[in-house]
Amino acid sequence: MCGIVGYIGHREAYPIILKGLKRLEYRGYDSAGIAIYDGNDIKLSKTKGKVADLEERLEKEISTNGTLGIGHTRWATHGVPNDVNSHPHYSNSGDLVIIHNGIIENYESLKKELIKRGYTFKSDTDTEVLVNLIEDVKKKENIKLGKAVQIALNQVVGAYAIAVFDKNKPNEIVVARLGSPLAIGVGKDEFFIASDASPFIEYTKNAIYLEDEEMAIVRRHKGVKIRKIKDDSLVAPYIQELQLNLEQIEKGGYDHFMLKEIYEQPRAILDTFRGRLLSNEGIIKMAGVEDNMKKFLNANRIVVVACGTSWHAGLVSEYIFENLARIPVEVEYASEFRYRNPVINENDVVIAISQSGETADTLAAIKLAKSKGAFVFGVCNVVGSSIARETHAGAYTHAGPEIGVASTKAFTTQITVLTLIALRLARAKGTLSSSDYRHHLIELELIPDKVKIALESDAYVKTIADIYKNAKNFLYLGRGYNFPVALEGALKLKEISYIHAEGYPAAEMKHGPIALIDENMPIVVIATKKGHYEKVVSNIQEIKSRSGKIIGIVTAGDEQVKNLADHVIEVPETIECLTPLLTTIPLQLLSYHIALMLGRNVDQPRNLAKAVTVE
Ligand code: F6R
């Protein structure tokens with residue numbers, strides 16, 4: 001978590017860093033700070049709260065003349081969110097200043113040593129320990145900042161992306177990464193540093209992504225020198241051209257990123273199968289799958305590892321892979337898998353799903369699976385992310401940047417990629433007849449337009465949101481392919497409205513949750529025509545006879561559920577395995593509207609951050 005940003009060049013650093021922090025605020029937003037070198041000294045301002053709170057203070061506290069600076073937006077790990085714990089942090093002498101994303105696990109023992117050596121600490125953070133460790137090494141050895149950073153980092157256990165500068169050497173910023181992302185934007189006589197490319201996209205399309213265990217000295221006129229932290233070897237910088245554009249990272253007329261991203265889903269799904277689903281030729285082409293077809297076909301099973309919404313997409317894929325390709329699937333929380341000594345070997349294919357490609361638990365699960373000989377395939381959204389690089393092969397979702405903290409288009413595009421893979425494997429294995437296969441391709445191709453139709457329910461969903469916004473609890477029920485959608489609907493509501501919600505397989509209701517039902521309990525039931533329809537209708541009857549309030553998500557034209565439910569929201573008809581791509585839409589809208597009506601910060605819900613780079 002946390003967003004870091006830096007600038008060194010010929011422009012004023014302050015506005016670049018401030019704007020960059022606003023773009024990175026999705027990564028953490030409990031405090032923020034900026035340090036600028038103004039030609040004589042470091043000007044530092046930081047505060048608990050959002051970047052907007054910082055902005056108010058900055059006008060008074062920061063000189064705007066400097067051309068070197070760093071900034072940070074925080075998701076607290078060590079030390080509560082307050083002004084003192086906010087970044088940047090000074091070293092004891094006041095010469096060095098640092099920003100850090102990650103966790104220094106051995107900070108307590110390092111701190112004890114530094115205290116013995118006379119260092120004092122103002123904050124509770126691991127970061128202040130790191131900057132003083134660097135200072136201590138620098139003074140003891142009488143060496144330059146870059147070398148001191150390298151020696152200090154070799155004593156550190158944990159994860160980091162850091163940027164640090166020395167006010168006595170105001171022509172360089174030293175950066176390093178291990179486990180947390182760090183990009184360097186390369187302009188003409190200027191350099192940008194950031195957790196992702198969004199803070200510098202309007203200045204340059206050229207970027208270097210540091211690899212784990214690399215550090216770089218970024219010099220004002222001399223460029224970037226990259227070294228391996230462990231063995232000091234030089235690394236030739238690899239400059240990539242970014243595909244990202246400014247429009248993709250702005251709200252484009254929507255009030256919130258979440259709403260924009262919900263509405264982007266028809267386009268995002270289309271982008272996901274563009275160039276892969278060739279319906280005229282009746283084929284699916286995915287390089288990562290074709291190149292590793294033997295591994296997939298010989299696999300004893302597929303093990304999916306993921307967290308949160310991505311885990312829900314994995315659960316949907318369990319149904320898809322098993323039904324279409326007849327491959328057994330297990331879906332694991334990455335955080336449990338990594339610590340469980342799982343039985344896994346070279347006959348398993350592991351699919352790691354992650355929007356950000358940076359989730360620490362998923363990354364650790366991948367490393368574990370690789371160490372046991374499994375072939376690991378990544379499904380990521382962020383191009384060049386750690387997970388995309390750590391996996392043997394993979395497929396990007398091509399959803400475009402997802403900035404709202406609540407995942408929306410990432411979910412539907414993950415399901416789309418996983419469906420494409422399952423269909424391709426089904427064809428190769430012969431578990432689907434060629435006419436069934438073609439039928440699936442045609443239906444998949446129709447999904448973007450059907451999502452557009454599902455989005456037309458928005459105004460009606462808003463009226464439902466208004467009726468139930470003050471409910472204390474919600475239940476979400478679904479069966480088969482739509483059981484994971486029920487889980488996802490409940491998660492969406494919880495995370496942005498702070499209303500307690502639970503998702504269940506509809507038939508499980510009788511085994512406990514039914515006791516919760518009374519006239520105050522809204523229950524969202526996914527009851528599309530395909531898949532266990534009659535069974536779900538029986539569940540609805542059971543709810544009705546206990547006076548629960550029923551919000552049905554139904555196939556267009558459904559009359560039976562309409563007669564039973566308090567409200568029905570229609571989605572277009574499709575084949576069963578594709579229904580999650582449609583039934584998810586009203587659930588996203590419902591949580592969005594309820595959260596908004598309750599005055600929540602939809603894009604930045606409390607306690608959360610977009611990329612969970614700590615375990
Ligand atoms: C929920 C949400 C989280 C993420 C989870 C995994 O809306 O966004 O539950 O899905 O933190 O993140 P990724 O997919 O980036 O690995």
Side-chain angles (χ1 to χ4, degrees), residues 1 3 26-29 75 179-181 195-196 256-259 261-262 265 268 304-317 331-338 350-366 376 378-391 394-418 476 484-485 487-498 501 503 584 587-592 595 600-615:
M1 327 279 205
Y26 73 90
R27 300 181 64 85
Y29 35 82
W75 186 85
S180 301
S195 300
D196 70 34
H256 298 95
F257 281 112
M258 182 182 179
L259 191 63
E261 287 155 9
I262 290 172
Q265 288 175 108
V304 175
V305 291
C307 301
T309 290
S310 297
W311 183 77
H312 295 155
L315 280 184
V316 176
S317 83
V331 187
E332 304 264 7
Y333 284 116
S335 53
E336 288 297 313
F337 178 88
R338 65 180 289 195
V350 170
I351 299 186
I353 309 173
S354 174
Q355 187 288 128
S356 63
E358 301 294 343
T359 301
D361 284 322
T362 310
L363 203 50
I366 292 167
V376 185
V379 174
C380 293
N381 188 34
V382 177
V383 176
S385 55
S386 302
I387 291 176
R389 286 189 308 218
E390 188 66 39
T391 42
Y396 286 116
T397 49
H398 297 310
E402 190 182 68
I403 293 167
V405 165
S407 207
T408 51
K409 62 178 179 170
F411 180 64
T412 45
T413 54
Q414 285 164 347
I415 294 173
T416 305
V417 164
L418 293 160
Y476 286 73
V485 176
L487 297 180
E488 174 60 9
L491 175 62
K492 283 292 86 87
L493 188 70
K494 279 186 266 215
E495 66 182 327
I496 61 168
S497 73
Y498 320 147
T584 304
L587 306 192
Q588 295 170 344
L589 290 168
L590 184 65
S591 57
Y592 171 79
R600 310 295 189 225
N601 187 335
V602 172
D603 282 336
Q604 295 173 348
R606 69 185 181 201
N607 305 339
L608 293 177
K610 187 71 186 159
V612 185
T613 56
V614 294
E615 62 172 291

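If you read the sequence from its start, that first residue is 1, and numbering goes on from there. Counting convention: from 1, in listed order, for ligands and their atoms alike.
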Minimum heavy-atom distance between Ser195 and Pro181, given as atom pair plus value: O-CB, 3.6 Å

Heavy atoms of Tyr396 and Val382 approach each other most closely as CE2-O, 3.6 Å

Heavy-atom donor-acceptor pair, Tyr498 side chain to Arg606 backbone, under 3.5 Å: yes

Any atoms of ligand 1 less than 4.0 Å from a non-hydrogen atom of Gln355? List them with their elements. 13 (P), 14 (O), 15 (O), 16 (O)

Identity and distance of the protein heavy atom lying nearest atom 7 (O) of ligand 1: Glu495 OE2, 2.6 Å

Can you name the atoms of ligand 1, numbered from 1 with element, that are less than 4.0 Å from a heavy atom of Ser354? 13 (P), 14 (O), 15 (O), 16 (O)

Is the side chain of Arg600 donor-acceptor paired with the backbone N or O of Ser497 at a distance under 3.5 Å, no angle test? yes

Would you mind listing which atoms of ligand 1 come within a distance below 4.0 Å of any non-hydrogen atom of Val405? 7 (O), 8 (O)

Could you find the nearest protein heavy atom to atom 12 (O) of ligand 1 and give me its residue, atom name and distance? Thr359 OG1, 3.4 Å

Per-atom contacts of ligand 1 with Ser310, taking only distances under 4.0 Å to non-hydrogen atoms: 10 (O), 13 (P), 14 (O)

Under 4.0 Å, counting heavy atoms only: does Glu358 come that close to any atom of ligand 1? no

Going by atom types only, do Ser385 and Glu358 share a side-chain donor-acceptor pair under 3.5 Å? no

Those atoms of ligand 1 less than 4.0 Å from some heavy atom in Lys492: 1 (C), 7 (O)

Nearest non-hydrogen atom to atom 15 (O) of ligand 1 belongs to which of Ala352, Cys307, Ala334, Ser356? Ser356

Please list, chain by chain and in numerical order, all residues satisfying side-chain hydrogen bond (donor to acceptor under 3.5 Å, both in side chains) with Gln588, sequence neighbours excluded. Gln265

How far is atom 11 (O) of ligand 1 from its nearest protein heavy atom, and which residue and atom name does that atom have? Val612 CG2, 3.9 Å

So does Ala306 get a backbone contact from the side chain of Ser310, meaning a donor-acceptor N/O pair under 3.5 Å? no

Residue and atom name of the nearest protein heavy atom (relative to atom 4 (C) of ligand 1), distance in Å to one decimal: Thr309 N, 4.0 Å

CD of Glu488 to CH2 of Trp311, rounded to nearest 0.5 Å, is 11.0 Å

Run the numbers for me: atoms of ligand 1, each under 4.0 Å from some heavy atom of Ala406, listed by number. 7 (O)

